[in-house]
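Residue numbering restarts at 1 for every chain, and letters A, B, ... go by the order of the sequence lines.
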2 protein chains.
Amino acid sequence: MVDKSVVELNLGLGKNNDNVVGGGHAHAGQSPRQRCPAPFLLKTYDLLEEGESEDITKIVSWNEEGTSFVVWSPAEFSEHTLPRYFKHNNFSSFIRQLNTYGFKKMSSKRWEFKHEKFQRGCRHMLGEITRKKCEPSVFPAYLKSSSEENATSSTEENNEQVLMEENKNLKKERLELQMQIDECKELEMKLLACLSQFMDTQQSKIRRLC
Amino acid sequence: MVDKSVVELNLGLGKNNDNVVGGGHAHAGQSPRQRCPAPFLLKTYDLLEEGESEDITKIVSWNEEGTSFVVWSPAEFSEHTLPRYFKHNNFSSFIRQLNTYGFKKMSSKRWEFKHEKFQRGCRHMLGEITRKKCEPSVFPAYLKSSSEENATSSTEENNEQVLMEENKNLKKERLELQMQIDECKELEMKLLACLSQFMDTQQSKIRRLC
DNA sequence: GGGAATATTCCC
DNA sequence: GGGAATATTCCC
């Protein structure tokens, strides 16, 4: 329904309705205050609201309690939903934005994302969600990095242990995922074979009956 | 002719051919050296080359000597030309980019822009055009780089670097594999649905015929 | 996940 | 024209 075509005619000093807000920019370092929510958040929220009336819910929807949302079909979502709201169709760019705004992935099994202030029926809370962005602090980069490195130096070996552990687990995971893919592919083949065989036999049955 | 539709199907970790270049990023503070030209420059150049064979020349073209270019019809240009090369159709965004790359407006009477290194037949010079961007850093570049080099000295840290590297790649792989699985699962569902629907219709056909 | 480069928008 | 915020891409 809501077909927001990405490219609208907008000549000259175009002003989209995206993030137009009267006052100044972010109140740096203030208490959680109502602001004009980032376009990304509004669009993502709207996209989920659209689901309430349509059957996009098969592609993306709130979880049951409305405390997080799930992309059920990344392929469909990327190809059809994203370009209606954003200037791209890359799932990874969408995820990049979610990370920027501090969403957390809830499950390794499905594309479920959560943010405290991003919940069904709470459009008014979106203004409290901010980009996490290391302010280009007063101190030059090299001071920061050196002090950070000093901190970790004592636990260097521990870190290595942890990384090796994680590495091992990731490789195991990879193997499992690849096996899952193999299984999927096999099942697909079987289904296709089944379908084609079934069509053959049914057709001949029908022919015999005619 | 060249119809680069803005949104191409590009699921997952999409890699556009935009600015993919082997090596590292900009050589900060080096002599004018050949680099991979910015996507913006390539697109703008190509758009003008396109004009050589079509009659876009009524909308946008090189000047007579090929030392600058003129947007003859901003309206047409914004509505039809821009979205074929960029993710927008705002003339002002185009101009913002021109300014970023140091183009100068040549006349107050028409939209003519010029850059020393942007001339007809000189695609090879585009790599010498750089963004002008005030570095946020108060400190000179050489301080930064030397301190960075100090950081990675012990073999311990090197090991850790390698492990972190591998770790990141593994996580990326995992993402890709998970997306593959999602697609597989989706296809399975569709095949199953197809099979079951087909069985239903065929059965009823047979029943009718008996 | 996130740093950093480039692109797009918004505003002065 | 350009500073600065947000968006998108690319890469680790």
Side-chain angles (χ1 to χ4, degrees), chain A residues 6-8 10 12-26 28 35-44 82-83 85-105 113 129-136 141 144-145, chain B residues 6-7 10 12-26 28 35-44 82-83 85-105 113 130-136 161-175:
Chain A
V6 170
V7 172
E8 295 152 344
N10 193 354
L13 298 170
K15 296 180 198 278
N16 289 342
N17 289 336
D18 269 356
N19 197 22
V20 178
V21 118
H25 291 289
R35 291 194 309 143
C36 176
F40 171 75
L41 298 168
L42 288 172
K43 290 176 182 179
T44 305
L82 283 182
Y85 288 87
F86 304 99
K87 286 173 181 290
H88 66 86
N89 58 2
N90 301 314
F91 194 52
S92 46
S93 290
F94 180 69
I95 289 176
R96 184 76 196 79
Q97 284 283 70
L98 291 175
N99 288 325
T100 297
Y101 285 96
F103 284 72
K104 292 296 172 203
K105 189 147 157 252
F113 299 95
I129 302 178
T130 55
R131 298 186 129 227
K132 47 175 179 178
K133 197 65 181 183
C134 42
E135 321 261 320
K144 258 196 262 170
S145 54
Chain B
V6 170
V7 172
N10 192 355
L13 299 167
K15 296 180 198 281
N16 290 343
N17 290 336
D18 269 357
N19 195 23
V20 178
V21 118
H25 292 290
R35 294 192 309 141
C36 175
F40 171 75
L41 299 168
L42 289 172
K43 289 176 183 179
T44 304
L82 283 182
Y85 289 87
F86 303 99
K87 286 173 181 289
H88 66 85
N89 58 0
N90 301 315
F91 195 52
S92 48
S93 291
F94 180 69
I95 289 176
R96 184 75 197 80
Q97 284 281 70
L98 290 175
N99 287 325
T100 296
Y101 285 96
F103 284 72
K104 293 296 173 203
K105 189 149 158 246
F113 300 95
T130 56
R131 299 188 128 225
K132 46 174 181 179
K133 197 69 182 180
C134 46
E135 322 260 320
Q161 292 296 319
V162 172
L163 280 169
M164 278 167 64
E165 177 86 16
E166 199 183 357
N167 231 294
K168 274 178 195 165
N169 287 333
L170 284 166
K171 282 179 184 168
K172 190 175 147 199
E173 261 192 87
R174 180 173 60 179
L175 185 69

Whole-Å distance between [N] [atom2] and [X] [atom1]?
X	N	atom1	atom2	result
B:H88	D:dT8	NE2	C1'	13 Å
B:F86	C:dA7	CZ	C1'	10 Å
A:R131	C:dG3	CZ	P	12 Å
A:L42	D:dA7	CG	C1'	14 Å
B:K43	C:dT6	NZ	P	13 Å
B:F91	D:dG1	CZ	P	12 Å
B:L41	C:dA7	CG	C1'	12 Å
A:Q97	C:dT9	CD	C1'	13 Å

- Task: Take A:R96 and A:T100 through the side chain to side chain donor-acceptor pair (under 3.5 Å) test and state the conclusion after the steps.
- Result: CA-CA 6 Å; A:R96 184 76 196 79; A:T100 297; 3.3 Å; yes

For [N] and [X] - does any side-chain N or O of the residue sit under 4.0 Å from the phosphate oxygens OP1/OP2?
X	N	answer
A:Y101	D:dT6	no
B:K87	D:dT8	no
B:K132	D:dG2	yes

- Item | A:K43 side chain vs A:Y85 backbone, donor-acceptor pair below 3.5 Å |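 The answer is yes, because a donor-acceptor pair under 3.5 Å joins these two groups.
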
- Item | Donor-acceptor under 3.5 Å (B:K87 side chain, A:K87 main chain) |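 Here the side-chain-to-backbone pair exists.
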
- Which atom names give the shortest non-hydrogen contact between A:P83 and A:N89, and what distance separates them?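 Where A:P83 meets A:N89 most closely, the heavy atoms are CD-CB, 4.1 Å.
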
- Return the minimal non-hydrogen interatomic distance between B:F94 and B:H88, and the atom names on each side.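 Where B:F94 meets B:H88 most closely, the heavy atoms are N-CE1, 3.9 Å.
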
- Task: Scan A:F94 against the nucleic acid and name what it touches under 4.0 Å (heavy atoms): base, sugar-phosphate only, or nothing.
- Result: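 No contact.
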
- Query: Who passes side-chain hydrogen bond (donor to acceptor under 3.5 Å, both in side chains) against B:T130, sequence neighbours left out?
  - Reply: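 In terms of side-chain hydrogen bond (donor to acceptor under 3.5 Å, both in side chains), with neighbours along the sequence ignored, B:T130 is linked to no residue.
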
- Query: With no angle test and no hydrogens, is the base of C:dG2 tied to the side chain of A:R96 by a donor-acceptor pair under 3.5 Å?
  - Reply: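 Checked by distance alone, the answer is yes.
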
- Between A:F103 and A:F40, what is the ring plane arrangement, given parallel below 30°, perpendicular above 60°, and tilted in between?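 Geometry flag for A:F40 against A:F103: perpendicular rings.
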
- Query: At what angle, to 10 degrees, do the two end axes of the helix from C:dG1-D:dC12 to C:dC12-D:dG1 meet, given five pairs define each axis?
  - Reply: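 End-to-end axis angle for the helix from C:dG1-D:dC12 to C:dC12-D:dG1: 0°, rounded to 10°.
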
- Query: Out of D:dG2, C:dG1, C:dT9, which nucleotide sits closest to the side chain of B:N90?
  - Reply: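 That would be C:dT9.
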
